[in-house]
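Worth saying up front: this structure is predicted, and the values here are computed from it rather than measured. We count ligands from 1, going down the list as the structure has it; atoms in each ligand are counted the same way.
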Amino acid sequence: MRTWNFFAGPATLSPAALERAKAEIPDWERTGMSVMETSHRSPEYDIVHHQAMDLMTSLLGLDDDHQVLFLQGGASLQFAMLPMNFIPGGGSADYVNTGTWSQKAIKEANIVATGRVAASSEEDGFTRIPRQDEYDLDPNAAYVHITSNNTIKGTQFHDFPDTGSVPLVADMSSDILWRPIDANRFHLIYAGAQKNIGPSGVTIVIVRKSWIEQANDGLPTMLSYGTYSAKESLYNTPPTFAIYMVRNVLEWVRDEGGLAAMELRNRLKGDRLYGVMADFPDFYTCPVDEDSRSYMNVVFRLPSEDLEAQFVAEAKAAGMVGLKGHRSVGGCRASIYNAMPPEGVEVLAGFMEDFARRNG
Ligand code: PMP
């Protein structure tokens, strides 16, 4: 039996994607070997590589100017690559500070150039997403950067900001493909694969080709988006197995009914868990403002740290792992990405209700 896996990332993957890999590892596409053992220049690999790109393009409805790239170095490398490529000499970019991952992005921007905080919810302990009327945008900024879902604090943008003519960029590591969005509004989106789209080892970047043409010159080859764009992410050896798994996951998303189907199941799952908190208000508290709550990372507190430790331990014994909150904030967190089935959330919700009745 599979464990109900609520880890924040690497995270649970769809059984269909795993089963396909299991079946294909000994003999993939009648090559007598696995995709891991094949040249990245082979025609068989080339098909997988392009399938992964094409599936991402069609799921997000990307226009011809948007290109899907596969990079390494995690979202953390994107924190630096983005300003290196797109903040011109002496310029700056605007950042919306919504917690740890935004802060890391801002820190890297300030190593390379200037990352200005245009809005922040720090004074409220990052328990909400700043409202558009709180933004102080610089019309000359190179771009505006948001973190669409805050994996640690459990907040999520439900509407994207209007940045006028300033390019909008998002770190979507923990909610890419969770619902249909107008991805063409963004000049660049990046996401480590290991939450919603595959294993760790590959980072997806979706970028406007016309913006790459305006990027800074003189960068090391591997730090320039232009290299990946010109060579379709095959300048050097890409993480072939991770990309193969992304292809399997994206096929599963498509077969399930695409992003509309993902949204439907994700809303049901999130609402179920927030509903338990509403039913037991003296036992479970959600620190996040209602209109900023995440449908990917549901964070909650119990009446004491002892009860939280007991909750995590009993849940584990009942077949549910990964429910401890991030070490920087404590509490509990259930990460319920696309691949977490509604049944898994139902098991957790039932456990939460029972635990509250026994210990409340
Ligand atoms: N951004 C967000 C929103 C994240 O959740 C994470 C990882 N948890 C990162 C960036 C960092 O990603 P990576 O480990 O792939 O560098």
Side-chain angles (χ1 to χ4, degrees), residues 5-13 69-84 93 95-109 111-112 115 120-122 126-130 143-158 160 168-179 181 186 188-206 222-223 228 238-239 241-243 245-246 249 266 288 292-299 322-329 331 333-340:
N5 173 0
F6 294 95
F7 277 115
T12 195
L13 289 168
L69 309 177
F70 302 125
L71 279 73
Q72 299 187 56
S76 298
L77 182 60
Q78 293 311 302
F79 296 160
M81 251 180 95
L82 173 71
M84 286 172 104
Y95 282 75
V96 180
N97 180 12
T98 49
T100 308
W101 300 111
S102 312
Q103 287 171 319
K104 291 198 173 181
I106 295 164
K107 177 174 168 236
E108 296 298 306
I111 293 173
V112 173
S120 172
S121 51
E122 188 163 14
F126 298 118
T127 53
R128 64 184 187 87
I129 298 295
Y143 55 81
V144 178
H145 177 284
I146 62 166
T147 311
S148 59
N149 183 76
N150 296 277
T151 325
I152 297 175
K153 289 289 181 180
T155 61
Q156 189 172 31
F157 279 77
H158 292 293
F160 297 122
L168 180 60
V169 170
D171 172 1
M172 293 197 185
S173 290
S174 50
D175 71 351
I176 190 164
L177 304 186
W178 88 279
R179 63 162 173 150
I181 59 163
F186 292 82
L188 190 146
I189 292 168
Y190 61 91
Q194 67 269 21
K195 299 167 199 302
N196 248 351
I197 40 183
S200 61
V202 62
T203 309
I204 311 296
V205 173
I206 295 156
M222 289 296 286
L223 295 176
Y228 298 85
F241 187 67
I243 293 169
M245 284 302 299
V246 167
V249 169
N266 286 329
V288 179
S292 299
R293 288 181 183 171
S294 170
Y295 279 87
M296 297 282 99
N297 308 100
V298 176
V299 296
L323 288 163
K324 199 167 171 341
H326 190 269
R327 60 191 181 282
S328 64
V329 292
R333 169 177 59 178
S335 297
I336 49 172
Y337 302 118
N338 284 352
M340 169 57 67

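- Here the CZ atom belonging to Phe126 is positioned 4.0 Å from the CG atom belonging to Asn97, to the nearest 0.5 angstrom.
- Of the possible donor and acceptor atoms, one in the side chain of Ser292 sits under 3.5 Å from a partner among the backbone N and O of Ile129.
- Once rounded to the nearest 0.5 Å, the distance linking CE of Met296 with OG1 of Thr151 reads 11.0 Å.
- Between Tyr143 and Tyr95, the ring-plane angle classifies as perpendicular under the 30° and 60° cut-offs.
- Ring-plane geometry between His145 and Tyr190 is classed as tilted, the angle between the planes lying from 30 to 60 degrees on a 0 to 90 degree scale.
- Residue-level contacts of ligand 1 at the 4.0 Å heavy-atom threshold are Gly74, Ala75, Ser76, Phe79, Trp101, Thr147, Asn149, Thr151, Asp171, Ser173, Ser174, Gln194, Lys195.
- Within the 4.5 Å cutoff, the side chain of Asp171 has no heavy atoms near those of the Gln78 side chain.
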